[in-house]
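Below is one structure; the comments refer to it alone.
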Amino acid sequence: MFGQIGTNTLFGSATTTMQSYNPMKDIEVTSPPDDTISSLAFSPGSLAATYLTAGSWDNNVRCWEVQQNGTVIPKAMQTHAGPVLDVTWSDDGSKIFTGSADKTAKMWDLASNQHIQVAQHDGPVKTVHWVKGTNYSCLMTGSWDKTLRFWDTRQPNPMMTMQLPERVYCADVVYPMAVVGTSNRGIIIYQLENQPTEFKRMESPLKYQHRCVSIFVDRKTATVSPQPIGFALGSIEGRVAIQYVSPQNPKDNFTFKCHRSNGTSNAGGPQDIFPVNCIAFHPVHGTLSTVGSDGRFSFWDKDARTKLKTSEQLDLPITSCGFNAQGNIFAYASGYDWSKGHEAFDPQKMKPHIMLRSCFEELKQSQKKT
Amino acid sequence: MVVCKYFQQGICKFGENCRFEHLREGRNSGQQYYGQISSYEQTASRYNQGSSRYDQGSHRHNQGSNRESISEDMEVWESGKMYLFTCYGFAREMKSFPGLEDISVEEIRLFAYEANASQQLTAYQNWIIDLEKEYKAKRSELRLPDALGKASLLNSIDQIKQSSVQSEKIMSTAFTSSVTNNLVSFNTNTLFGNASNAFPGNIFSNPESSASHSVRFETTSQGFGFSHSGPVTTFMQTTENAFAATPQNMFRMSAASAGSVPTADSVGGMSVAAVDTQKLGNSQALSVQSSKSGSDGLEKLFTPTDNLTSEEIMQFESPRFTLGQIPTRPPPKHMV
């Protein structure tokens, strides 16, 4: 392993070596998208095999099979009329939903390889989530047109439309709770039982733009019947807020800094502050991962309030991440996230990659040292 | 280890029992509002104690240090090379500062891609350059406001705090008329403020309907060039206006952010804005019409009585909403 990739530079051809785009030496997904990956999602545990889907700014959504021995096989691809902004799976793993800047969301039936439109908005669809409830199932789509819509995929009209004061920037669903992070630091929580209803609007615990949100469940019942109790909210200011919907103690809610450079202490000069691009919770351990524009991923234990691990720095920002259903694979995608604007973008040098890491042990909760 | 901010000002109420250091000499520099915990490993319970105290303290804090913390935040923003196009709230759980709009990286990227596709790349680049100047100007306004700016800054901080405090009051008490009277006066002053400056500049914050918002994305090359340069320059001229001269402008922004919920037709939940819609009635409706580009008619703010279910009517008629049965539609006009 050692040395065979690094020697590329000696022959002068590649300007980026594997050392720079994959310093953690994780497994690379073959045939990655041609442009930045906006969203990654693993297939649900109801399927026997593990599949990974990724939506990209190259307008495509791709699907790979990930085998336990580390082999990754590209399976299929579909296209939107605009960049794909979010992807998600149905609960039975038979369909992939994709939301795009072309103002539609589509359903990809994997068995028949059909990709049909199931949702329409007046603006780019930024988030898609499948809601599997006790007496109904639907697709929830959030858009920059300031609406949140719920779709029965067999009907052309939405079951329900929620008007929001702001654009939807991020969202997450763990039945019966949905959280939507909007522009202008808005947070709206919905309860989905019977039918989606707005539960609470909160002021943000963060001072800057919301970037990503992920719901966490009560660890005691996590593997049996996950009950959502709160969410992690990431901002562009290198900070994540852990927020309980009904905290037993107001001190349960807290924020922490992450994805900052130049060390951790206040002294030693100003830190460079990077946006947190994605947060994902481990399905078994309840610990979380964050990925940022600084090109690193970190694992955290929110209950022990400690950091478990930070990766080496990749040469590109990490734009998305996710865990598979069993919690033994961590996927993260690197690619330029536009955080430094148009001038900094060099499509030739900034090829996106998706890496897969075996992570079950690394994400175990922090053990108290006695 | 961590210096007590109140002790340095001579107003620490904990005295000997204070969790933080009571030092006699000069303050530690680099303390941010969030601040005291630098590494994540420190016990966050202490951190939360501190911040909840500061939240209470900010109400009785002299306004100078609020301005200082904003100033510090701006410095960190700049030195940390943070993303530029973001809104800013000077304290957690307070509304955002008026005048700074959120633009996400994806929105900018989409514009760039579309500009590229329609050969409008230079228009996009010019727009971004203008936008950068605008945000940097606002940032330095917040950081070092001149005399006029200071006054309106403090005013707007107060307004933000009031609207956030009042939202708490409303949520916990019955909707008494005294509270609503305050709200009415608060909002009518500001909502009739300079309508043309409302959410200027930023194409996304344009209070036109979502249909026109979508038009921007589909727009032809001409539309792209013209529609964006217009608002931006308008705003740049009025930047001074927004921050320095007219407190009303800033009111308008924060009021609009409070009031934007009802105008978007959702009056559900326990938010303040829901109350605003209910109680402000005609004044709100009128000013909303003047501020929007005529897209939302008056009829959308109120539901005709026969469209409401009897439960909703019951809710509107009762002095207090019952949790779990709060109507999601606006009330009929005669009930406001």
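Numbered from 1 within each chain, the chains take letters A, B, ... in sequence-line order. Since we're looking at a predicted model, the values are computed, not measured.
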When you compare the side chain of [Y] with that of [X], does any pair of heavy atoms fall below 4.5 Å?
X	Y	value
Val105(B)	Arg211(A)	yes
Lys207(A)	Asp73(B)	yes
Trp77(B)	Tyr208(A)	yes
Leu110(B)	Trp144(A)	yes
His342(A)	Leu121(B)	yes

Quiz item: Side chain of Arg260(A), backbone of Gly80(B): donor and acceptor closer than 3.5 Å?
Solution: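 Such a contact is absent between Arg260(A) side chain and Gly80(B) backbone.
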Quiz prompt | Glu107(B) bridged to Lys126(A) by N-O distance under 4.0 Å | solution =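 The answer is no: the pair does not qualify as a salt bridge.
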Quiz item: If you measure from the Lys or Arg side-chain nitrogens to the Asp or Glu carboxylate oxygens, is any gap between Arg167(A) and Glu106(B) under 4.0 Å?
Solution: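 A salt bridge is absent here (no side-chain N lies under 4.0 Å from a carboxylate O).
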What distance do [X] atom [atom1] and [Y] atom [atom2] have between them, rounded to the nearest 0.5 Å?
X	Y	atom1	atom2	result
Tyr83(B)	Glu237(A)	OH	CD	14.5 Å
Ile273(A)	Met82(B)	CD1	CE	5.5 Å
Ile108(B)	Ser339(A)	CD1	OG	10.5 Å
Asp102(B)	Asn184(A)	CG	CG	6.0 Å
His210(A)	Cys87(B)	NE2	SG	7.0 Å
Arg185(A)	Ser96(B)	CZ	OG	4.0 Å

Name the region of [X], side chain, backbone, both or neither, that has any atom closer than 4.5 Å to a heavy atom of chain B.
X	result
Tyr190(A)	neither
Tyr169(A)	side chain
Ser293(A)	neither
Ser204(A)	backbone
Asp35(A)	side chain

Practice problem: May I ask you to establish whether Arg109(B) and Phe345(A) are in a cation-pi arrangement, using a distance under 6.0 Å from NZ or CZ to the six-membered ring centre and at most 45° from the ring axis? | Solution: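 Here Arg109(B) passes the 6.0 Å and 45° test against Phe345(A).
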Quiz item: Stepwise, does the side chain to side chain donor-acceptor pair (under 3.5 Å) test hold for Asn59(A) with Tyr113(B)?
Solution: CA-CA 11 Å; Asn59(A) 299 6; Tyr113(B) 277 36; over 6 Å; no
Quiz item: Does NZ belonging to Lys81(B) count more than 12 external heavy atoms closer than 6.0 Å?
Solution: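 Counting other residues, nucleotides and ligands, NZ of Lys81(B) stays at 12 neighbours or fewer.
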Quiz item: When you look at CD of Gln248(A), are more than 12 heavy atoms from neighbouring residues, nucleotides or ligands closer to it than 6.0 Å?
Solution: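 Atom CD in Gln248(A) is not packed in, count stays at 12 or less.
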Exercise. Heavy atoms only, distances under 4.5 angstrom: which of Leu85(A), Thr147(A), Ile187(A), Thr36(A) has the most pairs with chain B? Name it, please.
Key: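 Answer, by heavy-atom pair count under 4.5 Å with chain B: Thr36(A).
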Quiz item: Given that the side chain runs from C-beta out, which part of Gln125(B) has a heavy atom under 4.5 Å from chain A: side chain, backbone, both or neither?
Solution: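 The answer is the side chain of Gln125(B).
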